[in-house]
Amino acid sequence: MSERPTAFITGASRGIGRAIALELAARGWNVAGLARSGAGTDGRPGLHDLEAPVSERGGRFLPLVADVADTGRHQTLVEAVLETFGRIDLLVSNAGVAPEERRDLLETTEESWERVLAINLRGAFFLAQKVARVMLAHEPDSEGYEPAIVFITSISASAGSIDRAEYCIAKAGLSMAAALFADRLAGAGIPVYEIRPGIIRTDMIAPVLDRYEAMVRDGDVPLGRLGEPEDVARIVAALARGDLAYATGAVIEVSGGMNLRRL
């Protein structure tokens, strides 16, 4: 078994997932990263490109190429992580997609609904189920095994957008999943958290970046800037370190103050 703790991160190839992988590697973690493709696209780095920077930070990296929506692969993926590292200390359920086309609520298609919920909710739930079983079966030992699970949802879990209903519904469902896992695992001392990012500068928001930058200029983001993936990664690192171990079930919004109520 590896002496370094191991984080299993879905959606690790870019954006928030990539930032989390690099942050944890710098803090003494090995990383198993899951993504649908190993290669980068359009000049952007891909999953396999994470190995070098993770190694430079002292960690080992295991790339896992699969679609989290393919629940039939989950057991094989979990076994691959255990075979390589001997442990899963942290699951970061981060993989998620936006609708390929934003459509009014009344025009939402079944195809888009199935795609978004399969990745953002169904896949996330059943992979967490598999990992939770592994965590429960791992007896505490002298190496200080203190597992945890982090679900990356979105402020869209509670803030509606009528032009991407399937995304909001998936994130709201994942929020409830996080609460349920927190309840189920609390008796075993396994904390579960939900992080709700706000407007984070990633590829997902690129098609509507102008709209979100206008929101910043209009004062809709109190801190006055878009979020960066590293803003979320630092929160995950604090949770991984055990700084909020007694706060299982906590919902942490990382939105630059968009949660603040104003008159």
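All residue numbers in this chain count up from 1 along the given sequence.
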Can you see which heavy atom on [X] is nearest to which on [Y], and at what distance?
X      : Y      : answer
Pro222 : Gly257 : CG-O, 3.2 Å
Ala25  : Arg4   : O-NH2, 3.4 Å
Met258 : Asp220 : CG-O, 3.6 Å
Phe85  : Thr6   : CB-OG1, 3.2 Å
Gly198 : Ser255 : CA-CB, 3.7 Å
Ile119 : Ala69  : CG1-CB, 3.8 Å

Given side chains that start at C-beta, do those of [X] and [Y] come closer than 4.5 Å, heavy atoms only?
X      : Y      : value
Val116 : Arg164 : no
Val131 : Met135 : yes
Leu64  : Val81  : yes
Pro229 : Ile200 : yes
Val236 : Asn94  : no
Glu194 : Lys171 : no
Arg102 : Val208 : yes
Leu22  : Val54  : yes

From [X] [atom1] over to [Y] [atom2], what is the distance, rounded to the nearest 0.5 angstrom?
X      : Y      : atom1 : atom2 : result
Leu91  : Leu127 : CG    : CG    : 5.5 Å
Ile169 : Leu121 : CD1   : CG    : 10.5 Å
Tyr212 : Leu226 : OH    : CG    : 10.0 Å
Ile199 : Arg225 : CD1   : CZ    : 12.0 Å
Ile152 : Ile16  : CD1   : CD1   : 6.5 Å
Leu117 : Phe125 : CG    : CZ    : 13.5 Å

Is the backbone N or O of [Y] less than 3.5 Å from a side-chain atom of [X], with the two atoms forming a donor-acceptor pair by type?
X      : Y      : answer
Tyr167 : Ser161 : no
Thr248 : Val192 : yes
Asn30  : Gly59  : no

- Message: Side chains of Arg60 and Thr84: any donor to acceptor distance under 3.5 Å?
- Response: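 Result is no, nothing qualifies.
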Can you tell me if [atom1] on [X] sees more than 12 non-hydrogen neighbours from other groups inside 6.0 Å?
X      : atom1 : answer
Leu209 : CG    : yes
Glu100 : CD    : no
Met215 : CE    : yes

Are [X] and [Y] connected, step by step, through hydrophobic side chains (Ile, Leu, Val, Met, Phe, Trp, Tyr) whose heavy atoms are closer than 4.5 Å?
X      : Y      : result
Ile252 : Ile20  : yes
Val134 : Phe181 : yes
Trp29  : Val150 : yes
Leu82  : Phe8   : yes
Leu174 : Ile190 : yes

- Message: Assess the residue pair Glu230 and Glu23 against the criterion (side chain to side chain contact (heavy atoms under 4.5 Å, CB included)); give the C-alpha distance rounded to whole Å, side-chain angles, the decisive distance to 0.1 Å, and a yes or no.
- Response: CA-CA 8 Å; Glu230 291 75 18; Glu23 184 72 26; 5.6 Å; no
- Query: So Leu180 and Arg184, side chain to side chain contact (heavy atoms under 4.5 Å, CB included) or not? Walk me through it.
  - Reply: CA-CA 6 Å; Leu180 292 169; Arg184 174 62 179 84; over 6 Å; no
- Query: Any idea how Tyr145 and His138 line up, ring-wise: parallel (<30°), tilted (30 to 60°), or perpendicular (>60°)?
  - Reply: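 Parallel, since the angle between the ring planes stays under 30°.
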- Query: With a 4.0 Å cut-off, would you call Arg211 and Asp163 a salt bridge?
  - Reply: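 Salt bridge flag = yes for Asp163 with Arg211.
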- Item | Intermediate values then yes/no, side chain to side chain contact (heavy atoms under 4.5 Å, CB included), Ile9 and Leu24 | CA-CA 10 Å; Ile9 305 169; Leu24 291 178; 4.2 Å; yes
- Query: Does any pair with a residue in residues 67-77 pass side-chain hydrogen bond (donor to acceptor under 3.5 Å, both in side chains), and if so which ones, sequence neighbours excluded?
  - Reply: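 For residues 67-77: Gln75-Glu79.
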- Message: According to side-chain hydrogen bond (donor to acceptor under 3.5 Å, both in side chains), does anything in residues 106-127 pair up with another residue at least two apart or in another chain? List the pairs.
- Response: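 Sorted result for residues 106-127: Ser112-Glu166.
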